[in-house]
Amino acid sequence: MLRRVPPLERDLVRLLGAPRVLSQPDALLAWECDGFTVHRSRPRAVVLPETTAEVQAVVRLLHAARVPFVPRGAGTCLSGGPTAGGETVVLDLARMRRVLQISTADLFAVVQPGVVNLDLTAAVRHLGLHYAPDPSSQSVCTIGGNLAENSGGPHCFKYGMTTDHVLGALVVLPDGELARLGGPAGTRPPHGLDLPGLFCGSEGTFGIATEITVRLCRDPQSVRTLLFPFAAMRDACRTVSDIVGAGVVPAALEILDQATIRAVEASVYRAGYPLEAKAVLLVELDGPTEVTAEEAAEVRAFAQQNGALRIEEATDAAERARLWKGRKGAFGAMGRLATDLYVLDGVVPRTRLEEALERITAIGARHGVVLNNVFHAGDGNLHPNISFDGRDPDATARTIAAGHEILRVCVELGGSITGEHGVGSEKLDHIGMMFTATDLAVMARVRAVFDRDGLCNPGKALPQRAACAEVAKWPQMVARVLGEPEAGR
Amino acid sequence: MTELAPRTPAELTELLRARPGRVRLVGGGSRQDRLPPRGAAVVVSLRGLDGIERLEPGDQTCTVGPGLPRAELDAALHPVGLELPCGGDGTLGGLFAHDPVGAMTAGGSSPRSLLLGLDGVLADGTPWKSGARVVKSVAGFDVHKLLVGSNGRLFAAVRLHLRLRPRPRAEAWFRLDGLDVGAAAERFLALRSLAVPPRELHLDRDARGCAIVGRFTGRATFVCERLRALALPEARPFAQLHLEPTPGGEVLAGIVLASQVAALLAAVPGRFLLRGDGRFELATADADATDAALLQLPRFGAEACIVRGAPARRGHGTPLDAGARRLLEGLRQALDPDGVFV
Ligand SMILES: Cc1cc2nc3c(=O)[nH]c(=O)nc-3n(C[C@H](O)[C@H](O)[C@H](O)COP(=O)(O)OP(=O)(O)OC[C@H]3O[C@@H](n4cnc5c(N)ncnc54)[C@H](O)[C@@H]3O)c2cc1C
């Protein structure tokens with residue numbers, strides 16, 4: 001049967017050609033959610049631009065027609081960030097995956113937003129360089145998504161988050177104008193402001209980055225990866241405190257709890273972690289050989305003092321990859337436990353880790369949910385993960401309630417509701433735990449400077465009255481389950 | 001000259017709510033000669049908001065008032081083995097709002113990367129906050145990043161949440177003198193792109209020639225080995241972060257790519273001070289020389305503005321990207337619509 005093509009879709013086809021405009025409902029299935037599968041909604045259409053000029057042309061068209069739009073990278077976001085409402089057009093940037101420039105002298109690269117995180121490192125590896133931010137999803141997620149989420153990863157304890165590695169961006173603003181924020185020489189000239197710093201973490205609501213300038217790092221002379229299993233989570237946490245307290249700054253300090261170890265060991269991500277351990281601590285040290293040797297000795301001593309069950313150190317790259325395999329594959333392994341996985345992302349001051357974990361365990365038990373913990377211990381960034389059956393309304397309700405309480409505990413302990421996954425649509429209900437309506441209003445004013453008409457990824461990152469019904473569905477569900485008014489409204 | 005000095009955030013809020021007219025926010029006041037004139041604005045000194053509200057050595061974070069002198073924070077951090085790993089002096093509010101130094105080396109810590117969050121007050125007295133006290137948070141937009149380089153023209157910061165780092169166990173300064181421009185630029189580039197670059201790196205050109213000065217930090221074994229392996233002579237600490245204008249002269253502050261430094265130095269005369277992250281200061285002989293330099297800089301991908309010179313000329317610089325300028329003006333309009341902060 002012939003389908004009547006609405007005028008907007010016709011105009012999009014005129015701009016990009018039919019193969020790069022998808023609007024048949026079946027074709028849109030792949031874009032109905034991101035890694036936060038609780039919230040699903042099919043967009044009105046998906047377009048696949050390949051250049052800045054095409055993004056600009058599409059945005060101008062949508063702006064003139066007052067049609068909301070959402071930029072999208074690989075869709076691995078865990079907070080519903082790129083999920084689009086039914087009236088919304090998705091600009092899928094996956095085809096913008098060229099590395100435009102590499103400077104070995106000035107140590108930067110300019111990339112299109114669809115470049116996959118790990119592909120950038122692969123492109124500069126022969127030069128002895130790498131791109132430092134390394135989300136666990138790095139083999140899939142894009143630099144554009146990383147920028148929008150200000151993504152972290154295991155190595156950001158030493159090297160910082162995405163914001164610390166972004167020098168500049170060329171952005172198509174939501175009315176189609178172009179703005180160059182920062183650049184290879186620095187994020188701001190002395191008579192400017194840190195616009196890349198502001199843009200980073202704006203969750204696709206400030207415009208569409210079409211070229212991103214990132215810092216490249218020289219590969220360290222040596223890397224040492226150590227694994228310490230412990231009979232108690234407390235001992236693992238204390239080892240972390242001792243290491244940090246001694247002034248050692250490992251590249252990574254990661255902990256997995258016993259439930260996660262068991263999930264990993266039962267999966268294709270099996271890494272040989274001991275099943276009897278209540279926690280494993282993975283420590284990576286990098287730097288000059290003589291420095292990592294001294295640091296490794298100190299770290300081993302701390303682990304021993306705290307009762308490490310054994311000490312394992314990678315002796316070559318294959319061993320290192322094995323020790324990391326379980327950590328990097330932890331989310332995948334947990335995905336096998338049930339049909340759905342709710343990945344939380346709270347942060348607590350590092351000194352409150354033990355207390356936070358005890359309270360989280362109690363919350364899990366009270367709500368009868370299957371809860372695993374894997375976390376960036378150096379940063380106090382917890383990922384309590386709840387495996388549940390999303391088809392079961394009771395299980396979903398208990399999951400939501402437990403998640404809500406866990407994030408409240410993080411805030412009570414002086415932390416944050418999200419360390420790296422963003423607010424998206426998922427945490428609109430939680431953001432009021434950290435910010436007052438006035439704080440959020442100031443943020444909304446700043447957002448309006450970029451997007452006066454509220455067309456770019458509406459209903460994300462900040463609670464918004466004008467959010468369209470589809471996008472607001474998840475917070476409403478949360479409010480229903482918890483019997484609480486939605487935050488910031 | 002009226003100067004008001006609130007002692008608490010609540011007093012500042014009240015003061016601003018009373019609509020005192022145009023306001024110039026100052027910290028210690030040591031950088032006022034680098035800013036455009038304030039006209040008849042009321043001076044509001046934040047020097048009285050000088051507490052260390054929270055210092056958590058285990059978490060390597062602290063919360064301080066903007067009026068706290070940097071030296072006092074350093075003194076408090078020393079006994080617990082921590083430091084604020086960026087350059088700059090004066091009060092912390094001034095250091096972050098003026099951001100005169102930036103990172104001392106490529107990719108090093110800078111005010112931008114150490115500011116975890118803040119409590120602020122808008123020009124109309126509205127208190128608000130952004131960021132968090134913990135080392136990692138992506139909740140809400142990073143409005144606090146706008147403090148850096150805002151020179152008090154967007155909002156008043158009344159509480160800063162800062163990230164701290166362990167104080168290095170050892171350090172060693174080095175200095176190479178008498179280099180020509182080409183050799184200095186080459187050495188600068190090479191040192192800057194080491195896997196572990198010097199924690200501080202400066203290229204200093206004066207009438208006698210160029211010098212490269214820097215500081216390695218870390219474990220004692222590493223620091224000693226570095227100087228030896230790179231054949232760098234040990235030297236006294238280098239503390240010059242800014243240039244003074246010569247009589248009738250001006251000073252430009254800017255950013256440039258390290259690979260362009262040799263060409264830039266060949267094109268523009270005058271005393272020149274460059275740091276590892278590409279920030280520089282250039283002392284020009286007079287306003288004409290400044291204008292000539294401002295015309296030349298874009299050829300080298302450099303951007304700069306006048307920071308010392310006749311008050312009316314301060315703040316003028318190389319043209320900004322039109323889209324970025326639109327955003328800067330929009331942000332100012334959004335946060336201080338009546339133009340209270342000057
Ligand atoms: C198994 C797994 C592990 C993960 N591990 C980590 C981790 O360790 N650390 C971490 O921080 N995150 C992690 N994540 C979350 C996710 O991978 C990151 O948020 C990532 O940055 C998203 O990138 P993406 O390309 O998938 O972006 P998407 O999910 O497609 O989009 C994310 C957001 O970015 C916006 N956006 C995308 N491109 C642009 C652009 N060019 N301009 C403007 N806005 C844009 C979108 O609108 C959306 O709001 C993990 C996710 C999974 C599934």
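Since we're looking at a predicted model, the values are computed, not measured. Numbered from 1 within each chain, the chains take letters A, B, ... in sequence-line order.
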Side chain from CB out, backbone as N, CA, C, O: work out which of these in [X] comes under 4.5 Å of a heavy atom of chain B, or both, or neither.
X: A/Val249; answer: side chain
X: A/His376; answer: side chain
X: A/Ala105; answer: both
X: A/Asn381; answer: side chain
X: A/Met161; answer: side chain
X: A/Leu178; answer: backbone
X: A/Asp242; answer: neither
X: A/Glu149; answer: backbone
X: A/Ser103; answer: neither
X: A/Thr436; answer: both
X: A/Thr205; answer: side chain
X: A/Arg215; answer: side chain
X: A/Phe108; answer: side chain
X: A/Phe206; answer: side chain

Region of [X] in contact with chain A, defined by heavy-atom distances below 4.5 Å:
X: B/Thr126; result: side chain
X: B/Leu147; result: neither
X: B/Ala324; result: both
X: B/Leu189; result: side chain
X: B/Leu335; result: both
X: B/Arg167; result: neither
X: B/Ser110; result: neither
X: B/Val196; result: side chain
X: B/Val256; result: backbone
X: B/Leu327; result: both
X: B/His98; result: backbone
X: B/Gln60; result: both
X: B/Asp99; result: both
X: B/Pro197; result: neither

Are any of the side-chain heavy atoms of [X] and [Y] separated by less than 4.5 Å?
X: A/Val446; Y: B/Leu331; value: yes
X: A/Leu195; Y: B/Leu328; value: yes
X: A/Asn150; Y: B/Asp142; value: yes
X: B/Val143; Y: A/Met443; value: yes

Give the member of [options] that has the highest number of heavy-atom pairs under 4.5 Å with chain B.
options: A/Glu295, A/Arg352, A/His421; result: A/Glu295
options: A/Gly128, A/Ser202, A/Gly245, A/Cys200; result: A/Ser202
options: A/Val171, A/Asp439, A/Leu107, A/Leu462; result: A/Asp439
options: A/Gly201, A/Gly247, A/Gly192, A/Gly197; result: A/Gly197
options: A/Thr438, A/Thr289, A/Val347; result: A/Val347
options: A/Thr104, A/Val244, A/Leu167, A/Leu181; result: A/Val244

Where do [X] and [Y] come nearest, in terms of heavy atoms and distance?
X: B/Ala139; Y: A/Ile417; answer: CB-CG1, 3.9 Å
X: A/Pro349; Y: B/Asp59; answer: CB-OD2, 3.2 Å
X: B/Ser150; Y: A/Leu193; answer: CA-CD2, 3.8 Å
X: A/Arg188; Y: B/Ile255; answer: O-CD1, 3.8 Å
X: A/Glu203; Y: B/Val138; answer: OE2-O, 4.1 Å
X: B/Gly131; Y: A/Met434; answer: O-CE, 4.2 Å

**Request:** Consider only side-chain N and O atoms of A/Glu294 and B/Thr221, and report whether a donor and an acceptor are under 3.5 Å apart.
**Result:**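 Per modelled atom types, A/Glu294 and B/Thr221 side chains form a pair under 3.5 Å.
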Measure the spacing between [atom1] of [X] and [atom2] of [Y] and express it to the nearest 0.5 Å.
X: B/Arg112; Y: A/Thr187; atom1: CZ; atom2: OG1; value: 4.5 Å
X: A/Asp345; Y: B/Lys136; atom1: CG; atom2: NZ; value: 7.0 Å
X: A/Glu290; Y: B/Arg226; atom1: CD; atom2: CZ; value: 7.0 Å
X: B/Glu303; Y: A/His191; atom1: CD; atom2: NE2; value: 6.0 Å
X: A/Asp106; Y: B/Ser193; atom1: CG; atom2: OG; value: 9.0 Å

Please identify, among [options], the residue contributing the most non-hydrogen atom pairs under 4.5 Å to chain A.
options: B/His144, B/Arg165, B/Arg163, B/Glu329; value: B/Arg165
options: B/Val307, B/Val134, B/Asn151; value: B/Val134
options: B/Gly278, B/Ser113, B/Ala253; value: B/Ala253
options: B/Val80, B/Val135, B/Thr61; value: B/Val135
options: B/Gly315, B/Gly81, B/Ala106, B/Gly140; value: B/Gly140

**Asked** With the threshold set at 4.0 Å, does a side-chain nitrogen-carboxylate oxygen contact exist between B/Arg169 and A/Glu298?
**Response**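 Answer for the salt bridge query: yes.
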**Item:** Atom CZ of A/Arg180 with >12 non-hydrogen neighbours under 6.0 angstrom
**Value:**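 It does not: A/Arg180 CZ has 12 such atoms or fewer within range.
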**Asked** Has B/Glu225 got more than 12 heavy atoms of other residues, nucleotides or ligands less than 6.0 Å from its CD?
**Response**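 Atom CD in B/Glu225 is packed in, count exceeds 12.
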